[in-house]
Amino acid sequence: MNWGDLVVKWVHVISIVTGVGLTLFQYLVLLPVLRRVQGVPEDLVKAIQRRAGMVIGIAWVLIWVTGIYNLVVVVPTVKPNYHLVLGAKILLVLVLFFISTALSHPSLAFEGIQRNRARWVALAAWLGIVIIALSATLNMMRLKGVALKELPAAQVQQLPSGSP
Ligand code: HEM
């Protein structure tokens, strides 16, 4: 086992748990509660959103660095079927990255998105879920060998005799 690859995978997954988790917290807890409860100070809401945006921003830096590392390690070993699913994942990651940045960046260009925060947070949460499902599919495609250019020796030994 390559320990470097494993540590990078840990950081990738932990950063994703943090980023997608905070988005789900806003979608499922914070925004519904704020819709129901009157008189919550606006400063408090802004401070929570600013803090969440900052932590999500740090998570994104780690997600990009470790995601690209994963990509470089995995891509030489896989077949076009894997590239298809990976392409779909990266496309959705780019959309999620844009929404996530627009929700927390103070630029006036993102004012429209921030005014409709509930809608965009919901979209970001669902995108996060779909991307995680695609990522688990990618992992399974390698694990089961369907996406590998060459099967690991242990799996070759299990093939019935006469298989190509
Ligand atoms: C920034 C661009 C990203 C790239 C280039 C990238 C690339 C990768 C690659 C190549 C793997 C290995 C998959 C395998 O084992 O075959 C992986 C694992 C994973 N990625 Fe990403 N990723 C990125 C961002 C994200 C994001 C935003 C999420 C979630 C919202 C995510 C969720 C995951 C998960 C959960 C795994 C582990 C899958 C498993 O082992 O079961 N990734 N990533």
K.L.:
First locate atom CG of Leu30, then atom CZ of Arg117, and finally report the distance between them rounded to the nearest 0.5 Å.
P.N.:
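The CZ atom of Arg117 is 9.0 Å from CG of Leu30, to the nearest 0.5 Å.
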K.L.:
Nearest heavy-atom pair of Ala125 and Leu24: which atoms, and what distance?
P.N.:
CB-CD2, 3.8 Å
K.L.:
Nearest 0.5 Å please: distance from the CG atom of Asn2 over to the NZ atom of Lys9.
P.N.:
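Answer for the CG-NZ pair, Asn2 versus Lys9, is 12.0 Å.
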K.L.:
Are Trp126 and Val29 connected in the hydrophobic side-chain network, where two residues link if heavy atoms are under 4.5 Å apart?
P.N.:
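As far as the 4.5 Å side-chain criterion goes, Val29 and Trp126 are connected within one cluster.
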K.L.:
Taking it one step at a time, do Leu143 and Met140 satisfy side chain to side chain contact (heavy atoms under 4.5 Å, CB included)?
P.N.:
CA-CA 5 Å; Leu143 216 66; Met140 195 60 98; 4.2 Å; yes
K.L.:
So which atom in Ile113 and which in Ala102 form the shortest heavy-atom distance, rounded to 0.1 Å?
P.N.:
CD1-CB, 3.7 Å
K.L.:
Does Arg51, at its CZ atom, have more than 12 non-hydrogen atoms belonging to other residues, nucleotides or ligands within less than 6.0 Å?
P.N.:
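Open.
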K.L.:
Any non-hydrogen side-chain atom of Val65 less than 4.5 Å from a side-chain atom of Val11?
P.N.:
no
K.L.:
Quick one: does any side-chain atom of Gln26 pair with a main-chain N or O of Leu31 as donor and acceptor, under 3.5 Å?
P.N.:
no
K.L.:
Under 4.5 Å between any side-chain heavy atoms of Leu138 and Tyr82, yes or no?
P.N.:
yes
K.L.:
Verify the cluster assignment for Val75 and Ile63: are they in a single hydrophobic cluster under the rule of side-chain heavy atoms below 4.5 Å apart?
P.N.:
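Yes, one cluster joins them.
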K.L.:
Between Trp60 and Val93, does a side chain to side chain contact (heavy atoms under 4.5 Å, CB included) hold up when you go through it step by step?
P.N.:
CA-CA 10 Å; Trp60 268 116; Val93 167; 3.9 Å; yes
K.L.:
Would you kindly confirm whether Val7 and Val73 end up in one hydrophobic cluster when ILVMFWY residues are joined by side chain heavy atoms under 4.5 Å apart?
P.N.:
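Shared cluster, no.
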K.L.:
Looking only at non-hydrogen atoms, find the nearest pair between Ala124 and Leu96 and report the distance.
P.N.:
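Distance-wise, the nearest heavy atoms are O-CD1, 3.5 Å.
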K.L.:
Supply the atom-to-atom distance Ile99 CD1 to Leu127 CG, rounded to the nearest 0.5 angstrom.
P.N.:
5.0 Å
K.L.:
With distance as the sole test, does Gln114 use its side chain to make a donor-acceptor pair with the main-chain N or O of His105 at under 3.5 Å?
P.N.:
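Judged by distance alone, yes, a pair lies under 3.5 Å.
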K.L.:
Do you reckon Ile132 sits in the same ILVMFWY cluster as Leu94, going by side-chain contacts under 4.5 Å, direct or chained?
P.N.:
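Yes; tracing contacts between hydrophobic side chains, which count when under 4.5 Å, links both residues.
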K.L.:
One pair to check against side chain to side chain contact (heavy atoms under 4.5 Å, CB included): Lys89 and Ile131. What are the steps and the verdict?
P.N.:
CA-CA 6 Å; Lys89 168 177 170 171; Ile131 296 168; 4.0 Å; yes
K.L.:
Got a donor-acceptor contact below 3.5 angstrom from the Arg142 side chain to the Ala147 backbone?
P.N.:
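Absent.
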K.L.:
Which atom names give the shortest non-hydrogen contact between Ser15 and Ala59, and what distance separates them?
P.N.:
O-CB, 3.6 Å
K.L.:
Are Tyr69 and Asp5 close enough that some pair of their side-chain heavy atoms sits under 4.5 Å apart?
P.N.:
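Yes - at least one pair of side-chain heavy atoms lies under 4.5 Å apart.
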K.L.:
In the single-linkage hydrophobic clustering (I, L, V, M, F, W, Y; side-chain heavy atoms under 4.5 Å), do Val95 and Leu22 co-cluster?
P.N.:
yes
K.L.:
So do Phe98 and Thr101 actually touch side chain to side chain, heavy atoms under 4.5 Å?
P.N.:
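Of all side-chain heavy-atom pairs linking Phe98 with Thr101, none is under 4.5 Å.
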K.L.:
Do Thr23 and Leu103 have side chains that get closer than 4.5 Å, going by heavy atoms?
P.N.:
no
K.L.:
Mind listing the closest non-hydrogen atom pair of Val74 and Thr77 along with its distance?
P.N.:
O-OG1, 2.6 Å
K.L.:
Taking Asn81 for the side chain and Val146 for the main chain, is one N or O donor matched with an acceptor at less than 3.5 Å?
P.N.:
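Yes; at least one donor-acceptor contact below 3.5 Å.
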K.L.:
Measure the shortest side-chain to side-chain distance between Thr18 and Ile56 over non-hydrogen atoms and say whether it is less than 4.5 angstrom.
P.N.:
no
K.L.:
Do you know the tightest heavy-atom contact between Ser104 and Gly53?
P.N.:
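That would be CB-CA, 3.7 Å.
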K.L.:
With rounding to the nearest 0.5 angstrom, report the CG to CG distance, Leu91 to Leu134.
P.N.:
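Reported to 0.5 Å precision, the distance equals 10.5 Å.
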K.L.:
Does any non-hydrogen side-chain atom of Gln49 lie less than 4.5 Å from one of Leu44?
P.N.:
no
K.L.:
Would you compute the distance between atom CH2 of Trp10 and atom CH2 of Trp3 and round it to the nearest 0.5 angstrom?
P.N.:
6.0 Å
K.L.:
Got Val78 and Met141 here, is their nearest side-chain heavy-atom distance under 4.5 Å?
P.N.:
no
K.L.:
Give a yes or no on this: more than 12 heavy atoms of other residues, nucleotides or ligands lie within 6.0 Å of atom CH2 of Trp64.
P.N.:
yes
K.L.:
Rounded to the nearest 0.5 Å, what's the gap from CG on Leu62 to CD1 on Ile16? Could you check?
P.N.:
10.0 Å
